[in-house]
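Single-structure report; data block below.
In this text the structure is predicted, and so the values were computed from the model without any measurement. Letters go in sequence order (proteins before strands), and every chain restarts at 1.
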Number of protein chains: 4
Amino acid sequence: MQSDSRPSGRKRNPIIEEARRRQIIDAAVETVAAVGYAQASLSRIAQHAQISKSVVSYHFAGKDDLLEQVVTQIYDDTWAYIEARLATETTSAGKLHAYIQSNLDYMRSHRSRLLAVGDIVGNHRTADGTPRFATITDESVVMVLTEILRQGIEDGEFRDFDPQVVAVTVGQALIGALGRWALDPGVDLGVYAAELTALFDHATRK
Amino acid sequence: MQSDSRPSGRKRNPIIEEARRRQIIDAAVETVAAVGYAQASLSRIAQHAQISKSVVSYHFAGKDDLLEQVVTQIYDDTWAYIEARLATETTSAGKLHAYIQSNLDYMRSHRSRLLAVGDIVGNHRTADGTPRFATITDESVVMVLTEILRQGIEDGEFRDFDPQVVAVTVGQALIGALGRWALDPGVDLGVYAAELTALFDHATRK
Amino acid sequence: MQSDSRPSGRKRNPIIEEARRRQIIDAAVETVAAVGYAQASLSRIAQHAQISKSVVSYHFAGKDDLLEQVVTQIYDDTWAYIEARLATETTSAGKLHAYIQSNLDYMRSHRSRLLAVGDIVGNHRTADGTPRFATITDESVVMVLTEILRQGIEDGEFRDFDPQVVAVTVGQALIGALGRWALDPGVDLGVYAAELTALFDHATRK
Amino acid sequence: MQSDSRPSGRKRNPIIEEARRRQIIDAAVETVAAVGYAQASLSRIAQHAQISKSVVSYHFAGKDDLLEQVVTQIYDDTWAYIEARLATETTSAGKLHAYIQSNLDYMRSHRSRLLAVGDIVGNHRTADGTPRFATITDESVVMVLTEILRQGIEDGEFRDFDPQVVAVTVGQALIGALGRWALDPGVDLGVYAAELTALFDHATRK
DNA sequence: CATGAATGAGAATTCATTCAT
DNA sequence: GATGAATGAATTCTCATTCAT
């Protein structure tokens, strides 16, 4: 009975409820990817979803809530995808390859998600101007990579370097790949993946 | 280079003219760096410059014009700084080192410029939603780096790789460094520079 | 008396029906008393009653209907209370005292009702901006008081004055008492009652 | 140069600036008086003033600012009027008469102001739901009256009573008069004044 | 009986821009 | 050169209400 306008706990009719939520989140993703964070108004998002503006307000507490759930959703999905790929590898180098490869694979099929999440994370701020999402380093994804690299160094598989610097650089390299590809969809991500793999292979091996 | 991109008829008193323009551009830089692209309204910028909003409108054709000139200004300054440092190097590896090093040096003393330019370039769009600035690859800065790397490969100084991929990656690595540093000013950019130099040294050498 | 003012077709289970109606009316009272007329939305009222917004819409024709029934309900209850106290008095002065005293007594135990009814009566308007409730004079309560005073003058118990002016003033004095007490619950309504009784005693006696 | 959008300090072009401010305040007064606090949106106020909605935003920081200035303005004007009338009286009873009389006189020529100020003071709240204006007791006007009464008691001119209770009651009596008159403009305020004067004369004299 | 879902109207506010002075 | 004043468009959000289930 805690209903009211926004079913923030989201339990009621899970089937239609979830469908709408997905629909709106997807619309938000595509809108941000298409016109950028600053231009992605609730109006435009609703328009894209072909629903009324107030439906968004009904399902989400506000713009902040929506964008945060977009980010969470994408992080979760991305991580589920990558995690599965990492699990099949045993060596640190193998995991590094799998990390780069699966990231670019995921990108290929979820271009706008990647575009959107970058835009939102980079721009979304609290009222006082401080970023709402911590960037780069403490995204769990990068933390995982840091741990992989650290392990590789400890095991003597890699040369001695600062694992966080390299992890951040790998993460940024992937963003760069995405950026190149976003700019020119003709770029072959397969080739790009091979180049990056080689690059970080040389950069990390003894 | 930004002198020929001025939009409207504005030639009266070049001295006071330029002073105002600089003042406004600086205010824009600091405002964007502080509150982010989406929150950087002309109001806020004018407020930061301690001038009336209309002064901005008087000296620039509009918000777009202002932001574009901010970007041009920063690109020019940055390039002037880096160019000088590159000129003293003879080998390709030396130039790569100098490039990384000078970039991070420049950052250290122009943090908000870097923050701002990244924000603007990443977010500024035309009315139809397409990015107003091409990112990453065709910034002249990255093109120069590509050329350095290409030359190094040709000269046999570097192993064989796609110079553009590496150039983009270096560029992104520097952005990553800036991001880390923006998040935590306690990060030692000197150490970071050494790590990155080593990383790309291993990544490029034969 | 509010039973015949129900708007639409609603007759099924009178027992549960009435329970709900009371619950909602009580929630409305407390909400208006707490946050004021202008901020008392159906959402907030439903929230306070721990029910869904639509339940309100189901039991009342609309917000107007609800608020009108709140007022009617409170008027009825208040009058029932005061009437009993007046009945025990024989002189006009005694009735005036009983009126003031019983009003303040009622207030003490129904603070939010009084607060709410004042707020609603003072603010609720029809679409064209005219007040939906006539204030002050034609509340039956004040009319009764007018009659008491008129009788007292006729009987020679009181000096000659305009009974309506005094009745309104008594009514307003009580509202003033409530206002003082709402602002500062530390005010002793017993003492306040004695002061008011004395005041109007002097004001009305020959 | 501290301009920006809202010249809150209000210094720039005092002539046109003040004219607009008055115009908007007047429009606010009449709008609140006509449709009530809860229905008095900035839209309606602007419409009444025959100006664009944003002009209001330009001259006032927001709705709160506007309404607070309305109240301040009215309080100031009212007090200036009443003060002058009080100054000509020497006895406490004379001052009490002058107070009642001047209040009703002022009302007669500023009906909507009185209506509006009552509405705003009674309804305007801060975000957390607490009233933004303290009512009744600590309006300086009532405090002045309290002091007049206290003095009269001390001088032996009045009987012994709680001056604050009587002051509040006088204030409320005037509101009641206004209410009666607002409801029925046919009420003769001159007669009403005589009645109230007599009432409080009897109520306070020894 | 009850209620989730949906919606359009309207709220306050911010913004970029124009114009007369 | 400079700027107050004005404005319309657009933004986020809240609200009362309706409807199918």
Side-chain angles (χ1 to χ4, degrees), chain A residues 1 3-7 10-17 19-20 38-46 51-66, chain B residues 10 12-13 16-17 20 38-46 51-64 66, chain C residues 10 12-13 16-17 20 38-46 51-64 66, chain D residues 1 3-7 11-17 19-20 38-46 51-64 66:
Chain A
M1 299 263 151
S3 124
D4 193 12
S5 310
R6 299 161 229 111
R10 99 195 68 128
K11 12 193 106 138
R12 295 334 182 79
N13 185 339
I15 165 139
I16 190 163
E17 168 78 12
R20 266 281 189 254
Q39 279 75 33
S41 68
L42 290 187
S43 268
R44 260 207 242 233
I45 292 170
I51 55 174
S52 144
K53 228 180 351 177
S54 4
V55 182
V56 179
S57 291
Y58 178 71
H59 289 277
F60 298 88
K63 201 190 190 187
D64 283 4
D65 184 28
L66 170 57
Chain B
R10 183 172 359 95
R12 321 310 170 81
N13 182 341
I16 190 164
E17 178 81 9
R20 269 279 190 252
Q39 279 75 35
S41 68
L42 288 189
S43 257
R44 263 206 240 231
I45 292 169
I51 57 174
S52 145
K53 230 182 347 176
S54 336
V55 184
V56 179
S57 295
Y58 181 74
H59 288 279
F60 298 87
K63 199 189 190 186
D64 284 1
L66 169 57
Chain C
R10 183 175 357 94
R12 320 314 169 79
N13 182 339
I16 190 164
E17 177 81 9
R20 267 279 190 255
Q39 278 76 35
S41 69
L42 288 189
S43 257
R44 261 206 241 232
I45 292 169
I51 56 173
S52 147
K53 231 185 343 178
S54 334
V55 183
V56 179
S57 295
Y58 180 74
H59 288 277
F60 298 87
K63 201 190 189 184
D64 285 1
L66 169 58
Chain D
M1 300 260 149
S3 125
D4 191 14
S5 310
R6 299 161 230 112
K11 11 193 103 137
R12 294 332 183 80
N13 183 340
I15 164 137
I16 189 163
E17 167 78 11
R20 266 280 188 253
Q39 279 77 34
S41 69
L42 289 187
S43 266
R44 261 206 241 232
I45 292 169
I51 56 175
S52 141
K53 225 180 357 174
S54 2
V55 182
V56 179
S57 291
Y58 178 72
H59 288 278
F60 298 88
K63 201 190 189 186
D64 284 3
L66 170 57

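- Interatomic distance, CD1 of C/Ile45 versus CZ of C/Phe60, reported as 9.5 Å (0.5 Å rounding).
- In this structure, C/Ile51 and C/Arg20 approach most closely via the heavy-atom pair CG2-NH1, 3.8 Å.
- Computed from coordinates, the B/Leu66 CG to E/dC15 P distance equals 15 Å when rounded to whole Å.
- Under the 3.5 Å distance criterion, with hydrogens and angles disregarded, no donor-acceptor pair is assigned to the side chains of C/Ser41 and C/Ser43.
- One interatomic measurement links the two molecules: CD1 of A/Ile45 to P of F/dT11, which rounds to 11 Å at whole-angstrom precision.
- The minimum heavy-atom distance between C/Ala38 and D/Ala38, with the atom names listed, is CB-CB, 4.0 Å.
- For the pair C/Tyr58 OH and E/dT3 P, the interatomic distance rounds to 11 Å; values are reported in whole Å.
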Look for any protein N or O under 3.5 Å of an N or O in nucleotides 8-12 of chain E and output each such pair with its distance, or none.
from, atom 1, to, atom 2, distance (Å)
E/dG8, N7, A/Ser54, OG, 2.6
E/dG8, O6, A/Ser54, OG, 3.1
E/dA11, OP1, D/Ser41, OG, 3.2
E/dA12, OP1, D/Leu42, N, 3.4
E/dA12, OP1, D/Lys63, NZ, 3.1
E/dA12, OP2, D/Leu42, N, 2.9

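- Heavy-atom nearest nucleotides on DNA chain E were determined for B/Ala38 and for A/Arg20, and the one closer to the 5' end corresponds to A/Arg20.
- Protein atom NE2 of A/His59 is 8 Å distant from nucleotide atom C1' of E/dA6, rounded to whole Å.
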- Message: What does the 5'-to-3' dot-bracket notation of DNA chain F look like when only Watson-Crick and G-U wobble pairs under 3.5 Å count, and pairs to other strands show as |?
- Response: .||||||||||||||||||||
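- The two atoms that bring A/Arg44 and A/Gln39 nearest to each other are NE-O, 3.1 Å, heavy atoms only.
- With DNA chain E read from its 5' end, the first of the two nearest nucleotides for D/Asp64 and A/Val56 is the one closest to A/Val56.
- One finds the NZ atom of A/Lys63 at 12.0 Å from the OG atom of A/Ser57 (value rounded to the nearest 0.5 Å).
- Atom pair A/Phe60:CZ and F/dT12:P shows a separation of 15 Å (rounding to whole Å applied).
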